[in-house]
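Chain letters run A, B, ... following the sequence lines, proteins first and then strands; every chain starts at 1. Just so you know, these numbers come straight off a predicted model, no measurement behind them.
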Amino acid sequence: MRFCSETEKIPALRSGNLTEEQAFALRRHASQCPVCQQEMLIEDEIERELARGSAAPEIEGRVIRELKLLRLADTEKPTRRFYQYLAISALSMILGFLIMPYLLHFSVLRSGPYFALTRFVTLVVFLKSHLPVMFVIGNALMAVSLFLTYPRFRRALLSFL
Amino acid sequence: MSSNQSDIAPLVAQSRTGDELAVRRLIARHKDLIYTIMIRMVRHPDIARDLTHDTFVRAFRRLPDLRSDELFKTWLCAIARRIALDHLRSERRKPTVSLEETGEILSAADPAVERRRAIIQHALSRLSPRDRMLLVLAYYQGLSLREVALAMKIPESNVRVYIQRARGRLRSLLKGHEHEILF
């Protein structure tokens, strides 16, 4: 194949990146240059192939079936989620009652329920007297847990920052 | 453009209310476009069909997120692009199947035409997924520059330059095959 430096401009011409004058000059040149004419024909073939589509198989029924199933799953989800939250809350309470005496250095079984209650009251009084600090720590913990578990909150926070 | 935007918007609005017929019509109108994108991206008819299905399922599930009903087609293309790229990323290590092996989309009557298509398709498959997607969107159904920019998430002012570069890269991959393409 012979060489013509103008062929390099043909992709720009076909993509609409030349000014009117440049495009006119290139077309005039191409009408007399066999190398550019051949390049134009190749570009025609490429465009024809790119414009050729493929007929898709029948998928409408399958998509609609899946959408129906997903919609059904969505309606069931809140109930399932409610029981999940309930189970997690119950587990947290049990763990709290098991861990708290250990942290406060006493055993509910050995010290008796009255002593345990007074220790809990002491803890509540302590927390109350440090309310601003607890408020900040509580919110920070909540933000961290939301950030770790809730993608929409994470995205919103990151976009805000 | 085969599907008129003014026809699409009412169908999208009906789909939002759960109208099954509207959903069917929207799929029927856009499935060839999405399937063509997928087949160019993944080069396997079965996978392309599954990814086309996934695109529509995801689109109709996320229909409330669509800001303007007129932008449905562009938005659908953006979803298809994301699904195709995710698939390619997950399949990066697996061997690809050539179009000759699949034997579905190269069914031309003339062997010379078939050969020409195979050469161009092979060169197309060697482009980056981004270039491939750009060329399919720009030339198949001829989306406007704005639509291509929205689907590809690139600035509208750069679309022409990106298309030109992608075409240049495709052309350089076809070097040495000029005779087969033209004759």
How close do [X] and [Y] get, counting heavy atoms only, and between which atoms?
X: A/L67; Y: B/R61; result: CD2-CG, 3.9 Å
X: B/Y35; Y: A/P57; result: CE1-CD, 3.7 Å
X: A/V63; Y: B/V57; result: CG1-CG2, 4.0 Å
X: B/Y139; Y: A/S15; result: OH-OG, 4.5 Å

Sort out for me which of B/H177, B/Q164, B/M38, B/R165 touches chain A most, counting heavy-atom pairs under 4.5 Å.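 Heavy-atom pair counts peak at B/Q164.
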Are [X] and [Y] joined in one hydrophobic group, where the rule is that I, L, V, M, F, W and Y side chains link up if heavy atoms are under 4.5 Å apart?
X: A/I10; Y: B/L174; answer: no
X: B/I163; Y: A/L18; answer: no
X: B/I47; Y: B/L85; answer: yes
X: A/I42; Y: A/M40; answer: no
X: B/Y162; Y: A/L13; answer: no

Around [X], counting heavy atoms of other residues, nucleotides and ligands shown, do more than 12 lie under 6.0 Å from its [atom1]?
X: B/R16; atom1: CZ; value: yes
X: B/K31; atom1: NZ; value: yes
X: B/R25; atom1: CZ; value: no

Determine, for B/R116 against A/E49, whether the closest basic-nitrogen to carboxylate-oxygen distance falls under 4.0 angstrom.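 Salt bridge: no.
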Should the pair A/E47-B/R167 be classified as a salt bridge under the 4.0 Å nitrogen-to-oxygen rule?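 Counted as a salt bridge, because a side-chain N and a carboxylate O are separated by less than 4.0 Å.
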Taking side chain as everything from C-beta outward and backbone as N, CA, C, O, which of these in [X] sits under 4.5 Å from a heavy atom of chain A? Side chain, backbone, both or neither.
X: B/I37; result: neither
X: B/L145; result: neither
X: B/L124; result: side chain

[atom1]/[X] to [atom2]/[Y] distance, rounded to the nearest 0.5 angstrom?
X: A/N17; Y: B/R160; atom1: CG; atom2: CZ; result: 6.5 Å
X: A/R52; Y: B/R40; atom1: CZ; atom2: CZ; result: 6.0 Å
X: A/E60; Y: B/L21; atom1: CD; atom2: CG; result: 11.0 Å
X: B/H53; Y: A/R65; atom1: NE2; atom2: CZ; result: 8.0 Å
X: A/R62; Y: B/T52; atom1: CZ; atom2: OG1; result: 9.5 Å

Show me, pair by pair, the donor-acceptor contacts under 3.5 angstrom made by side chains of residues 24-31 of chain A, not counting sequence neighbours?
unit_1	atom_1	unit_2	atom_2	d
A/S31	OG	A/R28	O	2.6

Highest number of heavy-atom pairs under 4.5 Å with chain B: which of A/R14, A/K68, A/E58?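 Looking at each option in turn, the highest pair count goes to A/R14.
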Who among A/D44, A/L41, A/I46, A/L70 has the most heavy-atom pairs with chain B under 4.5 Å?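 That would be A/L70.
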Can you tell me which portion of [X] sits under 4.5 Å from chain B's heavy atoms? Options are side chain, backbone, both or neither.
X: A/E45; value: both
X: A/L50; value: both
X: A/E43; value: both

With distance as the sole test, does A/S54 use its side chain to make a donor-acceptor pair with the main-chain N or O of B/T36 at under 3.5 Å?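 No, the answer is negative, given that no donor and acceptor are paired below the 3.5 Å cut-off.
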When you measure from the side chain of B/D32 to the backbone N and O of A/A56, does any donor-acceptor pair fall under 3.5 Å?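 At least one qualifying donor-acceptor pair exists.
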